[in-house]
Amino acid sequence: MKNNQTTERLLAASRTIWEGYLTHPFVQGIADGSLAAEKFRFYLLQDYLYLFDYAKVFAQGVVKSREPEVMRTFASYVSSILNGEMAIHSGYMKRLGITEEQAEHVKPSLSNQSYTAYMRAVAAEEGPAEIMAAVLSCAISYEYIAKWIVQHYPNAAQHEFYGEWVQSYASEEYAAENVRLTGLLEHLTAGYTEPQLAHLTDIFVDCSRFEAMFWDMAWNEAM
């Protein structure tokens with residue numbers, strides 16, 4: 001914990017919100033395999049659109065950074081989002097008969113637009129550490145959710161439809177990438193003052209709340 005003091009502070013501040021993810025009917029539906037395919041289709045398309053803006057936030061980290069290694073780390077995530085995480089979505093879109101052209105013409109929901117607009121505002125107005133606080137909630141909450149599913153629903157990773165989603169976000173490879181992200185946050189916040197850390201916490205908690213809204217949006221198929 002001593003080496004991850006900032007991360008632990010952010011997680012502690014958002015614990016109640018994160019616990020709510022685990023009892024959300026959308027997450028429960030993935031866990032027990034009962035989620036209607038149409039709800040997952042709606043979520044998948046909205047998340048596909050979200051990832052483009054998410055990548056842009058990381059790209060702003062490249063612009064705002066002064067250290068070459070920090071720039072490289074932010075840049076590597078732009079690539080991994082566009083070419084790695086989107087591969088999960090592409091695989092599911094093929095199974096659902098959705099082309100990339102069709103996906104790119106889907107209108108983002110109001111919740112989706114609000115979330116990405118918030119992150120992009122942080123990226124435009126603040127520094128690399130604040131950008132990390134904005135992106136981190138999404139990245140590590142998916143690991144948190146997927147590993148909880150594997151622990152409490154041992155057969156979920158083998159589900160014929162949702163198993164791939166669970167396996168991807170519960171994987172050691174995905175966890176290792178999150179270790180890199182939290183390590184970067186700790187590096188960027190070394191020497192941060194209490195007011196700076198409090199502001200960072202506000203950003204992380206806000207994005208955690210937006211994550212909860214995203215699950216609500218997906219469950220209700222709300223535009």
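- No side-chain donor-acceptor contact under 3.5 Å links Glu186 to the backbone of Gly183.
- Aromatic rings of Tyr174 and Trp165 (six-membered ring for Trp) have centroids beyond the 6.0 Å cut-off, not under it.
- Between Met132 and Leu200 the shortest side-chain heavy-atom distance does not fall below 4.5 Å.
- We find the CG-CG distance between Leu136 and Asn178 to be 7.0 Å, quoted to the nearest 0.5 Å.
- Taking both residues in full, the closest heavy atoms of Val78 and Ala59 are given as CG2-N, 3.6 Å, listed atom of the first, atom of the second, then distance.
- Residues Ile140 and Leu11 are in side-chain contact: their nearest non-hydrogen atoms beyond the backbone lie under 4.5 Å apart.
- In this structure, NZ on Lys107 lies 10.5 Å from CG on Leu49, to the nearest 0.5 angstrom.
- Shown here for Gly191 and Gln196, the closest heavy-atom pair between the two residues is O-OE1, 4.4 Å.
- A search for side-chain contact (heavy atoms from CB on, under 4.5 Å) contacts involving Ser141 returns Trp18, Tyr21, Glu211, not counting sequence neighbours.
- Phe214 meets the ring-ring contact (aromatic ring centres under 6.0 Å, His included) test with Tyr50; sequence neighbours excluded.
- If you look at Trp148 and Tyr144, their ring centroids are not closer than 6.0 Å.
- Under a 3.5 Å cut-off, the side chain of His105 and the backbone N or O of Glu101 do form a donor-acceptor pair.
- Side chain of Asp53 to main chain of Thr116: no donor-acceptor pair is present (N/O by atom type, distance under 3.5 Å, no hydrogens or angles).
- A donor-acceptor pair is defined here as one N or O able to donate and one able to accept, closer than 3.5 Å; no such pair exists between the side chain of Glu130 and the backbone of Ala123.
- Applying the salt bridge (Lys or Arg N to Asp or Glu O under 4.0 Å) criterion to Lys39, with sequence neighbours excluded, gives Glu221.
- Of the possible polar contacts, none joining the Ser79 side chain to the Ser76 backbone as a donor-acceptor pair under 3.5 Å is found.
- With contacts defined as side-chain heavy-atom distances shorter than 4.5 Å, the pair Tyr153/Val166 does not qualify.
- Few gaps surround CZ on Arg95; more than 12 heavy atoms of other groups in view lie less than 6.0 Å from it.
- With rounding to the nearest 0.5 Å, the separation of CD in Gln60 from CD in Glu126 is 12.0 Å.
- Partners of Glu143 by salt bridge (Lys or Arg N to Asp or Glu O under 4.0 Å), not counting sequence neighbours, listed by chain and number: Lys147.
- A ring pair (Phe, Tyr, Trp, His ring centres under 6.0 Å) with Tyr162 is found for exactly one of Phe40, Tyr43, Phe26, namely Phe40.
- Residue Met213 holds its CE atom at 10.5 Å from CG of Asn112, rounded to the nearest 0.5 Å.
- Partners of Glu177 according to the salt bridge (Lys or Arg N to Asp or Glu O under 4.0 Å) rule, which considers only residues two or more places apart in sequence or in another chain, are Arg180.
- A heavy-atom distance below 4.5 Å is found between the side chains of Arg41 and Ile98.
- Connection of Tyr77 to Val179 is not established within any shared hydrophobic cluster, with ILVMFWY side chains joined at heavy-atom distances below 4.5 Å, either directly or through further cluster members.
- Side-chain contact check for Phe74 versus Val63: every heavy-atom pair is 4.5 Å or farther apart.
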Practice problem: Please assess Thr189 against Thr6 for the test side-chain hydrogen bond (donor to acceptor under 3.5 Å, both in side chains), listing each intermediate value before the final yes or no. | Solution: CA-CA 7 Å; Thr189 56; Thr6 302; 3.0 Å; yes

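- The shortest heavy-atom contact between Met119 and Cys207 is CG-SG, 4.0 Å.
- Identified under the salt bridge (charged side-chain N to carboxylate O under 4.0 Å, His left out) test for residues 187-205, with sequence neighbours left out: Arg9-Glu194.
- Here Ser34 contributes atom OG and His159 contributes atom NE2; the two are 8.5 Å apart, rounded to the nearest 0.5 Å.
- Looking only at side-chain heavy atoms (C-beta outward), Tyr169 and Ile145 stay at 4.5 Å or farther from each other.
- Side-chain contact between Leu10 and Leu185 is present, with heavy atoms from C-beta onward closer than 4.5 Å.
- Checked options Arg66, Lys64, Met71, Glu67; the residue passing with Pro128 is Lys64 (criterion: side-chain contact (heavy atoms from CB on, under 4.5 Å)).
- Across every non-hydrogen atom of Ser14 and Phe204, the tightest pair is OG-CE2, 3.2 Å.
- Between Tyr92 and Phe161, the ring planes lie perpendicular to each other; the angle is over 60°, past the 30° to 60° tilted range.
- Taking both residues in full, the closest heavy atoms of Ser137 and Ser208 are given as OG-OG, 3.1 Å, listed atom of the first, atom of the second, then distance.
- Interatomic distance, OH of Tyr115 versus CE of Met217, reported as 11.0 Å (0.5 Å rounding).
- Thr99 places a side-chain N or O within donor-acceptor distance of the main-chain N or O of Gln102, the cut-off being under 3.5 Å.
- Residues Leu44 and Phe52 are members of one and the same hydrophobic cluster, defined by side-chain heavy-atom contacts under 4.5 angstrom among Ile, Leu, Val, Met, Phe, Trp and Tyr.
- Closest approach of Ala103 and Leu45 over heavy atoms only: CB-CD2, 3.7 Å.
- No continuous path of ILVMFWY side-chain contacts below 4.5 Å connects Leu110 to Phe210, so the two sit in separate hydrophobic clusters.
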